[in-house]
Amino acid sequence: MAKHSEIKLIGTPASPFVNRVQFALNLKSINYEDIEENLACKSELLLASNPVYKKVPVLLHADKPPICESQIIIDYLDEMKPDLYQLLPPVSLDRANCRFWATYIDTKFYPLYDELRRTTNKAGKEAIKEQMIESTQLLEEAFIKSSNGKTYFGGDEVRYLDVVLGCFIRWIKYSDELHDFNTFDEVRIPKLAKWAKKVSSHEALKSVTPGTETLANIFGLLNVYRPPYDQ
Ligand SMILES: N[C@@H](CCC(=O)N[C@@H](CS)C(=O)NCC(=O)O)C(=O)O
């Protein structure tokens with residue numbers, strides 16, 4: 001990415017939340033500089049920029065105060081550059097709906113994958129998979145309403161919810177392989193399954209999605225803290 005840009009992104013390629021912001025920046029064709037963070041030994045810059053959560057991503061825009069939290073960063077970019085590929089819809093009610101589902105995705109849906117990884121017994125894992133099935137059915141219904149028969153949540157083009165959920169697809173598929181599960185099952189949730197295929201091949205996301213090796217390293221590190229399976 002461009003050097004000496006007025007926009008800098010503190011992050012790591014191995015974070016879906018960072019990938020989310022990169023996806024949005026790419027869609028908007030905004031030049032930015034990646035500042036790679038080592039989460040195992042956090043930099044002074046990160047600690048000073050995000051003293052509350054101490055997490056990536058953090059967006060630095062020229063000499064303005066840092067902006068933290070991926071959804072907030074995307075909202076900021078959309079307000080700052082509305083003429084460059086608008087992500088949120090123009091109608092307030094539609095915007096409210098996007099934010100509702102974005103919050104659901106981050107607070108209810110995606111955390112199930114962390115829970116699945118952390119849960120050590122087979123029955124517990126099966127119970128979480130059931131919750132995943134229910135959750136994706138809700139997302140399928142949300143997709144049907146939001147897409148209006150078109151390709152993306154945003155209709156003909158990738159928009160806000162496509163970015164918010166799309167950044168997780170690669171991670172979800174990797175988790176599915178490890179846990180013998182198929183989140184985007186074509187029979188159970190045909191529309192969302194088709195959507196996932198389409199978004200994953202979008203150039204703005206493909207170019208920031210981590211490869212299998214990076215994912216394997218991250219999952220390996222996370223699993224260091226996981227007790228052995230209790231089958
Ligand atoms: N809600 C945050 C989540 C960000 C997040 O969880 N970042 C992780 C990397 S994927 C992180 O920085 N973890 C470091 C830590 O927890 O200490 C967002 O949307 O930006």
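As the structure lists them, so they are numbered: ligands from 1, and atoms in each ligand from 1.
- Legend: residues meeting salt bridge (Lys or Arg N to Asp or Glu O under 4.0 Å) with R95, ordered by chain and number and at least two apart, are absent.
- Ligand 1 lies out of reach of E37, whose nearest heavy atom is not under 4.0 Å from it.
- Protein heavy atom nearest atom 1 (N) of ligand 1, with residue, atom name and distance: E69 OE1, 2.8 Å.
- Taking K54 as the reference, nothing meets the side chain to side chain donor-acceptor pair (under 3.5 Å) condition, with sequence neighbours excluded.
- Those atoms of ligand 1 with a heavy atom of P57 less than 4.0 angstrom away are 20 (O).
- Ligand 1 has no nitrogen or oxygen under 3.5 angstrom from a nitrogen or oxygen of Q71.
- Crowding of D180 atom CG: a count of heavy atoms from other residues, nucleotides or ligands under 6.0 Å not exceeding 12.
- Looking at S70, A102, P16 and measuring to atom 19 (O) of ligand 1, the nearest heavy atom belongs to S70.
- Close contacts between ligand 1 and K42 involve ligand atoms 14 (C), 15 (C), 17 (O) [criterion: under 4.0 Å to a heavy atom].
- Among protein heavy atoms, atom 9 (C) of ligand 1 sits closest to S15 OG, 3.7 Å.
- Checking each of R99, E69, M80 against D75 for a side chain to side chain contact (heavy atoms under 4.5 Å, CB included) leaves exactly one that passes, namely R99.
- Scanning the protein heavy atoms around atom 16 (O) of ligand 1, the nearest turns out to be K55 CE, 3.4 Å.
- Here the rule is side chain to side chain donor-acceptor pair (under 3.5 Å) with T212, and of E177, K173, R170 only R170 fits it.
- With respect to atom 8 (C) of ligand 1, the closest heavy atom belonging to the protein is V56 O, 3.9 Å.
- Nearest heavy-atom pair across L47 and K42 is CD2-CB, 4.0 Å.
- Taking the six-membered ring where the residue is Trp, Y110 and F168 present parallel rings, their angle staying beneath 30° rather than reaching 60°.
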